Amino acid sequence: MDLCGMKIGFALTGSFCTFSKVIPQLEALCATGAEVIPVMSEMAATTDTRFGKASEFRDRIENITGKKIISTVYEAEPIGPKNLLDMMVIAPCTGNTLGKLAGGITDSSVTMAAKASLRNENPLVIAVSTNDGLGASAKNIGALLNCKNVYFVPFSQDDPDKKHNSLVAHMDMIIPTVELASQGVQIQPVLYR
C-alpha cells in the first residue's frame, strides 16, 4: 500500500520507555511520503524522565516531521470539523489513554485527536504499551477491539516472568498495520509472539 500523500496523525502518550522504539517508526513513516502530523499528550510533551528530557523528544519529533506538535485539546479540536487527517496512530498508547478511548473521554490532546479522526470514520491505529494490559486495561482493549475503524498493532507480553500483566505492541509492525488499516483490514495475528 502506498502511503505517499496520506495525512497521518501520530500521537505519543506517556509510556516513555517505548519512545526509543517508536521514534524510529515515526521516521520510517515519514520516509514513506506520508504527511505526518505529530501529537503528544500533555504529560508526554512536558515530563522529563530517566528515558530523556521532554524538550529533546519534542525537538526530535518536530525535526522528523517538519511540523509543530499538537499538545493541547484546543489545538486538536479542529481535526474533526476540518477533516485534517486520513488516519490517526497512537504509539505508544498507555492504559490511561486506552481507558479514556473506551469510555469516550476526550480530555487530552491525544483523545481529542483520536475522537476527531473517528468522527470522520477514519482509521485509528493503536500500539498499546501498558503494565496492566492483562489486568485493569484488558476490558478496555477488548472494548476497542470491537469498535469500528479501530485497529491494533500486534502486541504481546513484554516480560511475562516479572510483569505478568504487561503488554506492549511490536512497534516495528506500525507501518504494516497502518497499510492494512488504510484498507479497512486488521493485521493478523493481533496476539503476537
Side-chain angles (χ1 to χ4, degrees), residues 3 7-79 84-85 87-101 105-117 124-133 135-137 140 152-153 155-159 162-163 165-175 177-178:
L3 300 177
K7 293 181 180 179
I8 301 175
F10 196 105
L12 293 89
T13 64
S15 182
F16 303 99
C17 61
T18 60
F19 281 18
S20 63
K21 292 182 180 178
V22 169
I23 290 176
Q25 299 308 310
L26 174 62
E27 288 177 309
L29 187 59
C30 289
T32 68
E35 181 182 348
V36 180
I37 294 88
V39 181
M40 291 183 84
S41 69
E42 290 83 346
M43 185 68 70
T46 60
T47 305
D48 294 335
T49 71
R50 63 187 168 108
F51 300 103
K53 293 188 176 288
S55 61
E56 292 172 3
F57 284 122
R58 286 193 316 270
D59 290 346
R60 187 168 176 203
I61 291 164
E62 288 181 345
N63 285 333
I64 290 167
T65 62
K67 305 231 183 279
K68 184 181 180 311
I69 293 169
I70 293 171
S71 61
T72 68
V73 171
Y74 177 80
E75 294 167 336
E77 191 276 331
I79 291 171
L84 298 177
L85 301 175
M87 176 182 298
M88 181 77 196
V89 176
I90 305 175
C93 184
T94 61
N96 183 52
T97 301
L98 287 168
K100 290 179 179 185
L101 292 170
I105 299 168
T106 54
D107 65 349
S108 75
S109 54
V110 173
T111 55
M112 177 59 78
K115 173 194 166 192
S117 189
L124 171 63
V125 172
I126 296 173
V128 66
S129 181
T130 176
N131 286 325
D132 68 350
S137 288
N140 298 322
F152 275 79
V153 175
F155 57 85
S156 61
Q157 289 179 276
D158 61 317
D159 188 356
K162 295 179 185 169
K163 300 188 315 186
N165 291 334
S166 186
L167 294 176
V168 69
H170 293 265
M171 301 305 177
D172 60 335
M173 299 291 290
I174 290 173
I175 291 177
T177 305
V178 164

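Just so it is clear, the model here is predicted, and its values are computed rather than measured. Just so you know, these numbers use all the heavy atoms, side chains as well, and skip hydrogens, waters and symmetry mates.
Leu101 approaches Cys93 most closely through the heavy-atom pair CD1-SG, 4.3 Å. Thr130 approaches Ser137 most closely through the heavy-atom pair OG1-OG, 3.9 Å. The minimum heavy-atom distance between Thr106 and Lys115, with the atom names listed, is CG2-CD, 3.2 Å. When all heavy atoms are compared, the tightest approach of Met40 to Val110 is C-CG2, 3.9 Å. Across every non-hydrogen atom of Cys17 and Ser20, the tightest pair is O-OG, 4.1 Å. Of all heavy-atom pairs spanning Ser109 and Ser41, the tightest one is OG-CA, 3.5 Å.
Remark: side-chain polar atoms of Thr47 are not paired, donor with acceptor, to backbone N or O of Ala44 under 3.5 angstrom. Remark: side-chain polar atoms of Ser108 are paired, donor with acceptor, to backbone N or O of Thr111 under 3.5 angstrom. Proximity of a side-chain donor or acceptor of Glu77 to a complementary backbone N or O of Val73 within less than 3.5 Å is not detected. Within the 3.5 Å criterion, the main-chain N or O of Ile69 finds a donor-acceptor partner in the side chain of Glu62. The closest donor-acceptor contact from the side chain of Thr13 to the backbone of Pro92 lies under 3.5 Å. The closest donor-acceptor contact from the side chain of Thr177 to the backbone of Met173 lies under 3.5 Å.
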> Could you walk me through whether Val153 and Val128 pass the side chain to side chain contact (heavy atoms under 4.5 Å, CB included) check?
Replying inline: CA-CA 7 Å; Val153 175; Val128 66; over 6 Å; no

> Step by step, would you call Arg60 with Glu27 a side chain to side chain contact (heavy atoms under 4.5 Å, CB included)?
Replying inline: CA-CA 10 Å; Arg60 187 168 176 203; Glu27 288 177 309; 4.0 Å; yes

>> Between Lys21 and His170, is the side chain to side chain contact (heavy atoms under 4.5 Å, CB included) condition met? List the steps.
In response: CA-CA 9 Å; Lys21 292 182 180 178; His170 293 265; over 6 Å; no

>> Show, in sequence, the C-alpha distance, side-chain angles and deciding distance for Ile90 and Val125, and conclude whether the side chain to side chain contact (heavy atoms under 4.5 Å, CB included) test is met.
In response: CA-CA 6 Å; Ile90 305 175; Val125 172; over 6 Å; no

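One finds the CG atom of Asn140 at 6.5 Å from the CG atom of Leu98 (value rounded to the nearest 0.5 Å). From Lys53, atom NZ reaches atom CZ of Arg58 across 11.0 Å, with rounding to the nearest 0.5 Å. Atom NZ of Lys68 is separated from atom CD of Glu75 by 4.5 Å, given to the nearest 0.5 angstrom. To the nearest 0.5 angstrom, Ile79 atom CD1 is 6.5 Å from Leu84 atom CG. Taking OG1 from Thr97 and CG from Leu12, the interatomic distance works out to 10.5 Å, rounded to the nearest 0.5 Å.
Residues meeting the salt bridge (charged side-chain N to carboxylate O under 4.0 Å, His left out) test with Glu35, sequence neighbours left out: Lys67. Partners of Lys100 by salt bridge (charged side-chain N to carboxylate O under 4.0 Å, His left out), not counting sequence neighbours, listed by chain and number: Asp107.
Looking at Ser117 and Met87, their side chains never come closer than 4.5 Å, going by heavy atoms from C-beta outward. Taking the side chain as every heavy atom from C-beta outward, Ile174 and Met171 approach each other to under 4.5 Å. At least one side-chain heavy atom of Ile37 sits less than 4.5 Å from a side-chain heavy atom of Ile70. Side-chain contact between Leu29 and Ile8 is present, with at least one heavy-atom pair separated by less than 4.5 Å.
Applying the ring-ring contact (aromatic ring centres under 6.0 Å, His included) test to residues at least two apart or on different chains, the pairs with a partner in residues 40-79 are Phe19-Phe57.
In summary, the side chains of Asn96 and Thr94 do not present any donor paired with an acceptor at a separation below 3.5 Å, with no hydrogens or angles considered. Counted by atom type alone, Ser166 and Asp158 present one or more donor-acceptor pairs between their side chains at under 3.5 Å.
Within 6.0 Å of atom CE in Met43, 12 or fewer heavy atoms from other residues, nucleotides or ligands are found, so the atom counts as exposed in its surroundings.
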